[in-house]
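Reminder, nothing fancy here: chain letters follow the sequence lines and each chain counts from 1.
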Number of protein chains: 2
Amino acid sequence: MSAEDTRRQIVEAADRLFYERGFEATSFADLAAAVHLSRGNFYYHFKTKDDVLRAVITHRMITTRQMLDDWEVRNSQPASRIIAFIEILIANQAKIMAHGCPVGTLCNELAKLQHAAKDDAAQLFALFRDWLARQFAALGRAADADQLAMHVLMRSQGVATLATAFADSAFIHREVQSMRDWLEMQCARKDAV
Amino acid sequence: MSAEDTRRQIVEAADRLFYERGFEATSFADLAAAVHLSRGNFYYHFKTKDDVLRAVITHRMITTRQMLDDWEVRNSQPASRIIAFIEILIANQAKIMAHGCPVGTLCNELAKLQHAAKDDAAQLFALFRDWLARQFAALGRAADADQLAMHVLMRSQGVATLATAFADSAFIHREVQSMRDWLEMQCARKDAV
DNA sequence: CATGAATTAGGACAATTGACCTACGAGAGT
DNA sequence: ACTCTCGTAGGTCAATTGTCCTAATTCATG
């Protein structure tokens with residue numbers, strides 16, 4: 001197997017483990033075991049744990065961009081695209097109830113650790129923020145597009161956090177419906193602003 | 001100094017450190033140093049780190065109850081009480097931007113660690129949830145009081161998470177105002193439901 | 001087959017972790 | 001003055017951490 005393949009496998013395993021257990025709680029040994037490598041061999045591919053973290057964040061940036069592009073291709077209407085974003089709360093509800101939002105929990109952890117990569121992690125949020133803002137602008141709400149984007153992002157984060165604490169599927173569905181209703185109201189106001 | 005005083009000092013220091021750095025990232029040595037005790041002496045007061053965590057959660061339950069009681073005494077109107085809750089986002093904005101919500105981030109961390117105390121931490125959320133629900137019931141919304149309470153809790157959590165990621169004070173103020181507007185709308189609907 | 005670069009394995013390293021033990025000292029009550 | 005309890009200090013313990021090194025193995029190419 002090429003070093004590039006191994007490296008990608010490591011990043012994907014680290015991505016999953018950092019999400020499920022957290023960055024700090026995942027050890028070098030955990031990562032090596034997850035891809036069936038000796039610790040020594042692991043070191044050949046990544047010198048430090050922070051290197052792995054940086055690679056994971058970069059990897060998430062790429063896959064997130066792909067996901068956003070995909071939503072844009074699959075939905076011609078901006079409103080439908082925003083709904084696609086909202087509905088990941090339902091599609092990923094099992095994982096969210098177990099481990100929270102991958103982006104939100106990583107940002108929180110790195111903020112507490114005052115880790116150098118915390119701003120890089122926040123860029124993952126910025127990706128969603130800018131994408132959502134573009135959709136709201138396309139809806140004719142260019143003036144407050146960023147504020148609307150932050151509002152949607154805020155609600156999805158709040159739902160994720162409470163879903164983790166209470167493991168309540170009905171709550172998720174209710175709040176997702178509430179976000180759909182809110183979005184419809186914003187669409188109706190598109191010319192009024 | 002009595003053992004009880006020392007114990008209380010430990011719990012208060014642990015409360016602060018668990019919030020600022022996270023539970024796992026705070027070591028026995030950190031805790032002992034924070035209250036100027038040797039590690040051996042620290043062991044006299046708390047046998048395990050989990051014991052400290054349980055004491056911190058219990059301590060937070062007590063102080064949270066006191067805070068909620070205080071809001072109830074200081075505000076005769078249920079709506080004013082809910083606003084008092086909402087406005088902790090502004091009062092504590094500096095800490096929230098640095099370390100997030102104390103309850104939300106602790107629940108997230110313990111969920112990832114699959115820690116035995118994760119349900120105890122969620123009880124802190126339940127405290128706010130039930131208190132908010134009582135206020136909404138007093139507003140004449142007994143039928144959906146719990147759902148409204150969860151909605152308010154959800155929004156405050158979302159604001160806290162994004163505030164940590166983006167360190168944006170204007171965003172906090174904007175969303176707090178939006179919550180005040182939402183609350184006023186709910187109050188107007190008190191008889192219509 | 002031979003060479004050499006790429007990849008792997010298996011440790012070693014100091015530092016830190018949570019946990020535990022024993023000995024010392026201060027001070028109240030007799 | 002004596003004891004006895006409470007609180008403290010310092011050190012030990014195995015286990016684990018992130019990091020690093022070196023020797024072996026693979027494998028394509030000459």
Side-chain angles (χ1 to χ4, degrees), chain A residues 1-58 106 109-110 112-118 120-121, chain B residues 1-58 106 109-110 112-118 120-121:
Chain A
M1 185 161 46
S2 76
E4 199 183 345
D5 287 341
T6 305
R7 203 186 141 93
R8 196 179 55 246
Q9 270 200 314
I10 291 174
V11 170
E12 282 169 6
D15 190 359
R16 202 191 78 241
L17 288 174
F18 287 174
Y19 173 42
E20 291 175 358
R21 308 184 189 177
F23 168 68
E24 250 214 337
T26 304
S27 71
F28 248 78
D30 291 335
L31 292 170
V35 287
H36 308 102
L37 293 181
S38 62
R39 283 153 297 150
N41 189 11
F42 189 94
Y43 179 74
Y44 174 78
H45 298 281
F46 286 98
K47 297 298 174 193
T48 73
K49 202 177 164 186
D50 287 354
D51 285 344
V52 182
L53 177 61
R54 272 190 290 271
V56 165
I57 292 175
T58 302
L106 181 66
E109 184 178 1
L110 297 185
K112 294 219 187 218
L113 297 175
Q114 297 186 267
H115 194 286
K118 86 183 170 72
D120 298 330
Chain B
M1 184 160 48
S2 76
E4 198 182 345
D5 286 342
T6 305
R7 202 187 143 92
R8 195 177 57 246
Q9 270 201 314
I10 292 174
V11 171
E12 282 169 6
D15 190 359
R16 200 191 81 241
L17 288 174
F18 287 175
Y19 173 42
E20 291 175 358
R21 307 184 190 178
F23 168 67
E24 250 214 339
T26 304
S27 71
F28 248 79
D30 291 336
L31 292 170
V35 286
H36 307 103
L37 294 181
S38 62
R39 283 154 299 150
N41 189 11
F42 189 93
Y43 179 73
Y44 175 79
H45 297 280
F46 286 98
K47 297 298 175 195
T48 73
K49 202 177 164 187
D50 288 354
D51 285 343
V52 182
L53 177 61
R54 273 190 289 270
V56 165
I57 292 175
T58 301
L106 181 65
E109 183 177 1
L110 297 185
K112 294 217 185 218
L113 297 175
Q114 299 186 268
H115 195 286
K118 85 183 171 74
D120 299 330

Hey, is the side chain of [X] poking within less than 4.0 Å of OP1 or OP2 on [N], counting only N and O atoms?
{"X": "A:Y44", "N": "C:dT7", "value": "yes"}
{"X": "B:H45", "N": "D:dT8", "value": "yes"}
{"X": "B:S38", "N": "D:dT8", "value": "no"}
{"X": "A:T48", "N": "D:dG18", "value": "no"}

[atom1] of [X] versus [atom2] of [N]: gap in Å, rounded?
{"X": "A:F46", "N": "D:dC20", "atom1": "CZ", "atom2": "P", "answer": "15 Å"}
{"X": "B:N41", "N": "C:dT22", "atom1": "CG", "atom2": "P", "answer": "17 Å"}
{"X": "B:F23", "N": "C:dG18", "atom1": "CZ", "atom2": "C1'", "answer": "10 Å"}
{"X": "A:D50", "N": "D:dT17", "atom1": "CG", "atom2": "C1'", "answer": "14 Å"}
{"X": "A:D5", "N": "C:dT7", "atom1": "CG", "atom2": "P", "answer": "10 Å"}

Pairwise side-chain contact, A:F23 with A:L17, heavy-atom cut-off 4.5 Å (strictly under): no
Five-pair end axes of the helix from C:dC1-D:dG30 to C:dC24-D:dG7, angle between them (10°):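 Computed from the C1' atoms at both ends, the axes differ by 10°.
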Between [X] and [Y], what is the shortest heavy-atom contact and its length?
{"X": "A:D30", "Y": "A:A25", "value": "OD2-O, 3.7 Å"}
{"X": "A:L53", "Y": "A:A117", "value": "CD2-CB, 3.9 Å"}
{"X": "B:R21", "Y": "A:L113", "value": "O-CD2, 4.4 Å"}
{"X": "A:L106", "Y": "A:A121", "value": "CD2-CB, 4.1 Å"}
{"X": "B:V35", "Y": "B:Q9", "value": "CG1-O, 3.6 Å"}

Given C:dA19, D:dC20, C:dT8, the nucleotide with the shortest approach to the side chain of A:Y43: D:dC20
Spacing of NZ belonging to B:K49 relative to CZ belonging to B:F42, to within rounding of 0.5 Å: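 CZ of B:F42 is found 10.0 Å from NZ of B:K49.
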Value rounded to 0.5 Å, distance of NZ in B:K112 from CD in A:E109: 7.0 Å
Sugar-phosphate only, base, or nothing, as touched by A:F28 at under 4.0 Å among non-hydrogen atoms: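 A:F28: base contact, heavy atoms under 4.0 Å.
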Test: A:R16 and A:E20 ion pair at under 4.0 Å: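 Salt bridge: yes.
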DNA chain D: 5'-proximal contact among A:T26 and B:L37 (nearest heavy atom):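 Residue closer to the 5' terminus by nearest nucleotide: B:L37.
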Which residue lies more 5' along DNA chain D, comparing B:R39 with A:D30 via nearest heavy atoms: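 It is B:R39, whose closest nucleotide lies nearer the 5' terminus.
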Protein-to-nucleotide contact annotation, 5' to 3' order, nucleotides 22-27 of chain D [B base; S sugar-phosphate only; - none; under 4.0 Å, heavy atom]: ------
